[in-house]
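Below is one structure, written out as structure tokens; comments come after it.
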Amino acid sequence: MSATGDYYETLGVARDADAATIKSAFRKLAMKLHPDQNPGCKVSEEKFKELGEAYAVLSDPQKRAAYDRYGKAAFQGGPGGGGPGFGPGGAGFSGDFSDLFNEIFGGGFEDMFARQAGPRNGPQRGADLRYDIEITLEQAYKGMEREIVAPRAQSCEPCGGTGSEGKAPLETCRTCNGAGQVRASQGMFRVVRTCPSCHGRGQSIKNPCKSCGGRGLTNKERTLAVKIPAGVEDGTRIRLAGEGDAGMRNGPPGDLYLFLSVKPHALFERDGPDLYCRAPAPMCKAALGGEMEIPTIDGDRTKITMPPGTQTGRRFRIKGKGMTQLRSRDRGDLHVEIAVETPVNLSAKQKKLLEEFAKDCGEEAHPQTQGFFESVKKFFDAFAEPPAR
């Protein structure tokens, strides 16, 4: 709405807008600001009033011409009004929107909102439900089947879902006469509300069912066997159609949604279909090179070959040893990062050889010499012996 009170700005149209443009702008804003769309909002109510006042002027060629020439002073009336005046009614806008709405929407604006809501005495779809499941990374890799116990609202058997004791016929609501809505005056507006007696059903229950209290539904637990496919990720949602709450008055049931969370793994970290892990490597094997076994997510083991001089942080990629991909036979890769371990609890012999090794490393300008590798071999051979206790 316009901060200056200008009618054109209130409707959001240019000053040279034609009648069709003004009418279209009013329709859109009226739908948005109507009190039924914004119950209890005083700001929207005031804007709605300004909107009707602006349209009442700009939709009338004579009033619009006067407004374009004199502004709002044209409707103040009296000798000091500064304009021709349109009588005590101001801009000719009486405060009752009925005629205006009938002109624009045909048949009454409040009736249109009533038709949109309508009585809710027919079948209604049941609510959707959520069930959280936590699984391990291994279970996400392989897939699994498990049973869950989930509560749901089911149609009450004694009353057949009607909510009436003994399945007795429902009566027409006396408050709304079966319409499901009631009309009330709210200041200058006539608004439509859901009937407080029948809650929009248009029918009332004389003797509510003792089993369900008139709801037509009762809460029960049931056991379901659910299948979790291989390759699911943390946050995956699985929909089980028709396993939600039963619908009101024999309406269709809602759906049950399974939300999966995957527990953190002690060894592997996941990024999509790929897995990552850190593997500790003995210093001897990292220096001399050789094969090392790596555990995999399927419970097996695979080997990597480290070249001589492998350093901490070196990564190896093992194709096809990652996670199963959802709805596919492909697998991701396993990425292994080496962490070279420093030996501890050295024996006297090992310590002496390590000192000789360090001395050789310092004396040799180029480590790729025969003397260097002889020192390395002596040193690592010593580690084959158990440390001194």
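Residue numbers start at 1 and run along the sequence shown.
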Approximate separation, where rounding is to 0.5 Å, of Glu269 CD and Leu275 CG: 10.0 Å

Student check: side-chain heavy atoms of Leu288 and Pro308 closer than 4.5 Å: no

Whether over 12 other heavy atoms sit under 6.0 Å from Glu157 CD: no

Check: Ser347 main-chain N/O paired with Gln350 side-chain donor or acceptor under 3.5 Å: yes

CA sep, side-chain torsions, deciding dist, call: Val182, Thr175, side-chain contact (heavy atoms from CB on, under 4.5 Å): CA-CA 8 Å; Val182 292; Thr175 303; 4.0 Å; yes

Considering all heavy atoms, the nearest Cys212-Gly163 contact: SG-CA, 4.1 Å

Minimum side-chain heavy-atom gap Lys49-Glu46 below 4.5 Å: yes

Hydrophobic cluster identity match, Met248 and Ile205, side-chain contacts under 4.5 Å: no

Tyr8 vs Asp68, side chain to side chain donor-acceptor pair (under 3.5 Å): CA-CA, chis, key distance, verdict: CA-CA 10 Å; Tyr8 289 100; Asp68 288 343; 2.6 Å; yes

Any side-chain heavy-atom pair of Thr223 and Ile148 under 4.5 Å: no

Path from Leu217 to Leu170 over hydrophobic side-chain contacts below 4.5 Å: no

Gap between atom CZ of Arg15 and atom CD of Glu9 - 0.5 Å precision: 8.5 Å

Minimum heavy-atom distance between Glu243 and Leu129, given as atom pair plus value: O-CD1, 4.4 Å

Side chains of Cys209 and Ser164 in contact at under 4.5 Å (non-hydrogen atoms): no

Any Tyr7 side-chain heavy atom under 4.5 Å of Arg64 side chain: no

CZ/Arg301: more than 12 non-hydrogen atoms of other groups inside 6.0 Å: yes

Check: Lys210 main-chain N/O paired with Glu165 side-chain donor or acceptor under 3.5 Å: yes

Sidechain N-carboxylate O distance under 4.0 Å for Arg130, Asp128: no

Check: Thr136 main-chain N/O paired with Gln139 side-chain donor or acceptor under 3.5 Å: yes

Shared hydrophobic cluster, Met323 / Tyr276 (ILVMFWY, side-chain heavy atoms < 4.5 Å): no

Over all atoms of both residues, closest heavy-atom pair of Ala150 and Tyr131: CB-CD1, 4.0 Å

Check ion pair Arg317-Asp333 (N to O, under 4.0 angstrom): yes

Backbone N/O of Gln203 and side chain of Arg201: donor-acceptor pair under 3.5 Å: no

Heavy-atom pair of closest approach, residues Ile22 and Ala17: CD1-O, 4.0 Å

Residue pair Glu341, Met283: steps toward the side-chain contact (heavy atoms from CB on, under 4.5 Å) verdict: CA-CA 6 Å; Glu341 291 185 321; Met283 188 176 71; over 6 Å; no

Backbone N/O of Leu58 and side chain of Lys63: donor-acceptor pair under 3.5 Å: no

More than 12 heavy atoms from other groups under 6.0 Å of CZ on Arg222: yes

Trace of the side-chain contact (heavy atoms from CB on, under 4.5 Å) decision for Glu291 with Ile304: CA-CA 6 Å; Glu291 291 186 341; Ile304 60 173; over 6 Å; no

Interatomic distance, Cys41 atom SG to Leu33 atom CG [nearest 0.5 angstrom]: 9.0 Å

N-O pairing of Glu221 and Arg152 below 4.0 Å: no

Exercise: identify the closest heavy-atom pair between Val336 and Ile318: CG2-CD1, 4.0 Å

Glu138 vs His265, side-chain contact (heavy atoms from CB on, under 4.5 Å): CA-CA, chis, key distance, verdict: CA-CA 9 Å; Glu138 287 84 358; His265 197 274; 2.6 Å; yes

Interatomic distance, Arg193 atom CZ to Cys176 atom SG [nearest 0.5 angstrom]: 15.5 Å

Under 3.5 Å: donor-acceptor pair, side chain of Thr162, backbone of Cys159: yes

Heavy-atom side-chain contact between Cys277 and Leu267 under 4.5 Å: yes

Minimum heavy-atom distance between Ser155 and Thr218, given as atom pair plus value: O-OG1, 4.4 Å

Sub-4.5 Å side-chain heavy-atom contact between Glu145 and Val226: no

Residue pair Arg331, Asp298: steps toward the salt bridge (charged side-chain N to carboxylate O under 4.0 Å, His left out) verdict: CA-CA 11 Å; Arg331 288 182 60 179; Asp298 57 7; 3.6 Å; yes

Nearest-0.5 Å distance that lies between atom NZ in Lys42 and atom OG in Ser44: 11.5 Å

Test: Arg125 and Asp255 ion pair at under 4.0 Å: yes

Tyr67 versus Asp60, side-chain donor and acceptor atoms under 3.5 Å: no

Nearest-0.5 Å distance that lies between atom OG1 in Thr296 and atom CD1 in Ile294: 10.0 Å

Check: Ser24 side chain, Ala20 main-chain N or O, donor-acceptor pair, under 3.5 Å: no

Tell me which donor-acceptor pairs under 3.5 Å the side chains of residues 229-237 have, and how far apart each pair is, sequence neighbours excluded?
unit_1: Asp234; atom_1: OD1; unit_2: Val262; atom_2: N; d: 2.7
unit_1: Thr236; atom_1: OG1; unit_2: Glu233; atom_2: N; d: 3.0
unit_1: Thr236; atom_1: OG1; unit_2: Glu233; atom_2: O; d: 2.8

Side-chain hydrophobic cluster, 4.5 Å single linkage: members besides Tyr257: Phe259

Residues that Asp18 engages under side chain to side chain donor-acceptor pair (under 3.5 Å), provided they are two or more places apart: Thr21

4.5 Å side-chain heavy-atom contact, His335 and Phe316: no

